[in-house]
Amino acid sequence: MPLIRMQNLLLKTLVRYCLNERVSKHVIALVPLLLQNDSYVKGYDYAKFSTSTGEFDNLAEGLSKQIQLVVNKVSVGSSEEEILSSLLNDQICEGISVSHALVDMLLHRFRDDWKSAYAVFRWADSRSCFEHLPGAYDLMVDILGKARQFDKMSELKGEMLERKLVTLRTMSKIMRRFAGARRWNDAVRTFDELPTYGLEKNAESMNLLLDTLCKESQVQMARGIFLDLKSHIPPTVHIFNIFIHGWCKIKRVEEAYWTLQEMKGHGFTPCVISYTVIIQSYCRLSNWNKAYELLEMMESEGCQPSVVTYTTMMSLLSKADKVEDALQIANQAKSAGCEFDIQFYNALIHTLGKAQRITEAFDIFKVEMPMNGVHPNTCTYNTLIGMFCRHGQEEMAFNVLEDMEKAALCKPDLQTFYPLLKSCFRLRMPDNCLSRLLDDMTVKHQLSLDDSTYSLLIHGLCRVDRCDWAFQLFEEMICKELVPRHQTFRRLLDEVRQKNMYDAAERVELHFDKFKASFRQSFPGQNHH
DNA sequence: TTAGGGTTAG
């Protein structure tokens, strides 16, 4: 592999890792390298990160300016042709030098707006000195598939064939999008035409098709296809785990269990994944005896449960309020000499919190995790903050938030703030506390409030007699095209009427009428959004 | 989403 490609691959992997763990400072360090090489990376994600100094700022700033220029030209509601021609006939856009990073960021930005995405894709393609990377094609195919634009998607697939760019990755996205639209025959046809695209119908591609069908709850159809194919394509151990997962997904755990036997019949030994998936299913069905039985069975058959097995059982037991049993599993994991990872610790902290063992939970975070070299992630902090707030220890919760910001190992998200906001209202904290929190969320951390946060805020503000502020947030919500819930409308309307805020009442009513039709379509008691 | 796990569920 050429050195440059290898570097890019490595960088890409590192960035993915950092993004998953939300380790912003590491991503920032990697971005200049990536942009230098103009490699394919999830641009949209690194655009969300910012830093005060350094090279990253200049590079990111240049890119974000370019993005803004293009975004300004793209008007909502136009057809893809109209958008394309407005981009092509614009002097400012003409002055933009198109890079792969720019295309990638724009495609991610428009991933739910196929018309804009498609126009941008074509606009970039019109440049004589620019050629899309295979990754951009795949992304475009996926965006079209997600929007159910299957004709356009197939057209693009044809173009990719001419340029010899169709990979199994491309075909896999196409199969998944067809299956997502319940167009099973098209998904299967995509598999059948693999040879036309220079690709092989082998175990790997068959597994992709069958996995796609199973994940869409079509395990029976997948089995039928498998039976037809298995004389031509020798099955691998993966396929049985795919079926096990498929049966468990539709809650037919007995068939999953039976697949273990089938697997053995084909000369494969069930692996830790096979057992873990079934154990998870038994737990979800509250069949605890069976879950424990299987845990014992796997051990007796020489298959050591992994940290995933234990985490699964612990968190599901904990969710079912069987906290003592959950903690027992944690002990069992420890005795087994299992190496704990961040997800295990998060589940353990949560379980200890549920068992009212706050100090021990905090000790895990403060002492045990650092001792074992396991770094906290967003979920760890969120769990701790939620736990302290539920137990009325708000000061500790705020300390954790401070700790999180200082350590800068990961970024807070909406969930980080939700319990803190709730506490603000419960304790009737002064206005400036709420303002500060909101400011931290929206300005410092660049979070965009979602409908459930808005609901919490509007209801909370009505309760503390600040319906003027609640109304302001309501207007903000409407601006963002979020639909307030039925109860939120009712509460706010009652409140502004009581306060004789006639103009506000009129505005709320106006929007209420507009959404009433959609509320009526949902079932009573359901969340209205 | 190229076989498996996590926050609260507002």
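Within every chain, numbering begins at 1; the chains are lettered A, B, ... in the order of the sequence lines, protein sequences first and strands thereafter. Since the model is a prediction, treat every value here as computed from it, not as a measurement.
Partner of A:Thr170 under the side chain to side chain donor-acceptor pair (under 3.5 Å) criterion, out of A:Asp142, A:Asp138, A:Thr190: A:Asp138 alone.
Listed nucleotides: B:dG5, B:dG10, B:dT1. Nearest to the side chain of A:Tyr418: B:dG10. The listed nucleotides are B:dG4, B:dT7, B:dA3; the one nearest the side chain of A:Gln280 is B:dG4. When each of B:dT1, B:dG4, B:dA3 is scored by its nearest atom to the side-chain atoms of A:Thr309, the top-ranked nucleotide is B:dG4. Distance from the side chain of A:Gln415 is smallest to B:dT8 among B:dG5, B:dT8, B:dA3. For A:Arg485, counting side-chain heavy atoms from C-beta on, the closest listed nucleotide (B:dT1, B:dG10, B:dG5) is B:dG10. In the set B:dA3, B:dG5, B:dG10, the nucleotide with an atom closest to the side chain of A:Ser452 is B:dG10. When distances run from any side-chain atom of A:Val308 to the nucleotides B:dG5, B:dG6, B:dT1, the shortest one goes to B:dG5. Distance from the side chain of A:Lys422 is smallest for B:dG10 among the nucleotides B:dG5, B:dT7, B:dG10. Closest contact between the side chain of A:Ser315 and the listed nucleotides B:dG6, B:dT8, B:dT2 involves B:dG6.
Evaluation of atom-type donor-acceptor distances gives a pair under 3.5 Å for the side chain of A:Ser306 against the base of B:dG4. In the interface, the side chain of A:Gln487 is not paired with the base of B:dG10 through any donor and acceptor atom under 3.5 Å apart. Side-chain to base pairing of A:Arg169 with B:dT2: one donor and one acceptor N or O lie within less than 3.5 Å of each other. Evaluation of atom-type donor-acceptor distances gives a pair under 3.5 Å for the side chain of A:Thr311 against the base of B:dG5.
Judged by distance alone, the side chain of A:His445 and the main-chain N or O of A:Met441 form no donor-acceptor pair under 3.5 Å.
B:dG10 atom P lies 12 Å from atom CG of A:Leu456, rounded to whole Å. Separating the CG atom of A:Leu316 from the C1' atom of B:dG4 is a distance of 12 Å, rounded to the nearest angstrom. Atom CD1 in A:Ile349 sits about 11 Å away from atom P in B:dT8, given to the nearest Å. Between the CG atom of A:Asn377 and the P atom of B:dG6 there is a distance of 13 Å, rounded to whole Å. Taking atom CE of A:Met175 as the reference point, atom C1' of B:dT1 lies 13 Å away to the nearest angstrom. Regarding A:Leu352, its CG atom lies at a distance of 15 Å from the C1' atom of B:dG6, rounded to whole Å. At whole-Å resolution of the value, NE2 in A:His238 and P in B:dG4 are 11 Å apart. Between A:Glu204 atom CD and B:dA3 atom P there is a gap of 10 Å when expressed in whole angstrom units.
Within 6.0 Å of NZ on A:Lys251 lie no more than 12 heavy atoms contributed by other residues, nucleotides or ligands. Within a 6.0 Å radius of CG in A:Asp192, more than 12 heavy atoms belonging to other residues, nucleotides or ligands are found.
Rounded to whole Å, the separation between the P atoms of B:dG5 and B:dT1 comes to 15 Å. B:dT7 and B:dA3: their C1' atoms are spaced 25 Å apart (whole Å).
Contact annotation: A:Arg390 reaches the phosphate of B:dT8 (side-chain N/O to OP1 or OP2, under 4.0 Å). Between B:dT1 and A:His245, no contact under 4.0 Å exists linking OP1 or OP2 to a side-chain N or O.
Using a 4.0 Å heavy-atom distance criterion, A:Thr276 is classed as a base contact. If you check every strand for non-hydrogen atoms under 4.0 Å, A:Asn207 touches nothing. Within 4.0 Å of A:Phe344, counting heavy atoms only, lies at least one base atom of the nucleic acid.
Relative ring orientation between A:Phe489 and A:Phe512 is described as parallel, the plane-to-plane angle staying below 30° on a 0-90° scale split at 30° and 60°.
Neither side chain, A:Tyr282 nor A:Glu293, offers a donor N or O lying under 3.5 Å from an acceptor on the other.
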Evaluation steps, salt bridge (charged side-chain N to carboxylate O under 4.0 Å, His left out), between A:Lys157 and A:Glu193: CA-CA 12 Å; A:Lys157 183 177 66 171; A:Glu193 59 186 33; 2.5 Å; yes
